[in-house]
Amino acid sequence: MNKVSPKLEIAMAIGLILFGAVIYWASLELPEPQYEPLGTAALPMSLAVITFFLAMLLIARAVPRLKETIDVDDATSEVTPHPKLAVFVFALTVLFVLVMDYEILSYLPAGIIYLTLVGFILNHRQVSKLPWIFGFSVLLTMSTYYIFTKFFYIDLP
């Protein structure tokens, strides 16, 4: 059962649309491509467009629920906040960037380790799900590496 307020979902979607618009507008000022076929603006523009469509989908899903839902009391919410967990994931993200910046590991092993750790932590540290998390981490890291290096011609560390 979804206990998230549809008003909150719509507000978040509008924020994502505004953020995507800013990214798209800023990417218009990136220089024209000289050697690569798509140029440097292709990735941020693509991500901004994808963000827009996903936010519109979120709005389309939330609008019908506006009439049928009443604001849910915070005490009955099934979502339990874990601020320490959020700080830990943020620290892992900073460590992931630093490991690649100081060339301790390249993108592939650092990405696999990072995604596996974050997935494991966010799945309540269930060891039984670790093989699936690891497999997903390998698949996601290798596919993004391939897309960035072969399609966008962006060298990853």
Side-chain angles (χ1 to χ4, degrees), residues 1-101 107-108 110-124 133 136-137 139-157:
M1 182 173 172
N2 190 0
K3 296 216 178 207
V4 177
S5 166
K7 292 178 184 177
L8 179 64
E9 286 183 346
I10 292 171
M12 185 177 74
I14 291 171
L16 286 171
I17 289 170
L18 292 174
F19 179 72
V22 168
I23 295 298
Y24 193 90
W25 180 72
S27 64
L28 291 174
E29 296 180 10
L30 291 173
E32 291 292 322
Q34 293 179 0
Y35 303 108
E36 60 274 343
L38 295 175
T40 54
L43 180 65
M45 285 180 167
S46 301
L47 292 176
V49 169
I50 291 170
T51 301
F52 172 78
F53 284 117
L54 290 175
M56 292 304 292
L57 180 67
L58 187 61
I59 290 172
R61 243 186 50 178
V63 167
R65 293 184 313 146
L66 277 174
K67 296 177 186 172
E68 64 187 42
T69 59
I70 302 171
D71 288 335
V72 179
D73 187 76
D74 288 339
T76 62
S77 176
E78 294 179 7
V79 177
T80 307
H82 295 285
K84 291 179 184 176
L85 188 63
V87 170
F88 186 70
V89 170
F90 178 74
L92 275 177
T93 304
V94 170
L95 183 64
F96 169 65
V97 172
L98 288 175
V99 161
M100 288 188 302
D101 190 40
Y107 175 76
L108 284 174
I112 291 169
I113 293 168
Y114 168 75
L115 286 176
T116 302
L117 283 173
V118 169
F120 180 67
I121 290 166
L122 293 180
N123 273 303
H124 306 289
I133 295 168
F136 176 75
S137 300
L139 181 68
L140 183 63
T141 305
M142 292 182 74
S143 62
T144 54
Y145 183 82
Y146 178 79
I147 289 170
F148 275 90
T149 57
K150 303 296 183 198
F151 185 68
F152 292 122
Y153 296 102
I154 297 173
D155 290 330
L156 296 175

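- Asp101 contributes no side-chain N or O that, together with a main-chain N or O of Val97, makes up a donor-acceptor pair within less than 3.5 Å.
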Can I get a per-line list of side-chain donor-acceptor pairs under 3.5 Å for residues 41-51, giving both atom names and the distance, sequence neighbours left out?
from	atom 1	to	atom 2	distance (Å)
Ser46	OG	Ala42	O	2.6
Thr51	OG1	Leu47	O	2.7

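- The two residues Ala13 and Leu58 make their nearest non-hydrogen contact at CB-CD2, 3.9 Å.
- In this structure, Ile113 CD1 and Leu108 CG are separated by 11.0 Å, a value rounded to the nearest 0.5 Å.
- Contact of the Phe52 side chain with the Met56 side chain is registered, since non-hydrogen atoms from C-beta on lie closer than 4.5 Å.
- In this structure, Ile154 CD1 and Thr149 OG1 are separated by 9.5 Å, a value rounded to the nearest 0.5 Å.
- Note that CG of Leu115 and CZ of Phe120 are 15.0 Å apart. Values are rounded to the nearest 0.5 Å.
- The CG atom of Leu140 sits 13.0 Å away from atom CD1 of Ile133, with the distance rounded to the nearest 0.5 Å.
- Remark: Ser27 engages no residue in a side-chain hydrogen bond (donor to acceptor under 3.5 Å, both in side chains) (not counting sequence neighbours).
- With values rounded to the nearest 0.5 angstrom, Glu9 atom CD is found 12.0 Å from Ile14 atom CD1.
- In this structure, CG in Leu66 is found 10.5 Å from CD1 in Ile59, a value given to the nearest 0.5 Å.
- When every heavy atom of Ile121 is checked against every heavy atom of Leu85, the shortest pair comes out as CG2-CD1, 2.8 Å.
- A 4.5 Å side-chain heavy-atom check between Thr144 and Leu156 finds every atom pair outside the cut-off.
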Inset, instruction - Starting from the C-alpha separation in whole Å, work towards a yes-or-no answer on side-chain contact (heavy atoms from CB on, under 4.5 Å) for Thr93 and Tyr114. - result: CA-CA 8 Å; Thr93 304; Tyr114 168 75; 2.7 Å; yes
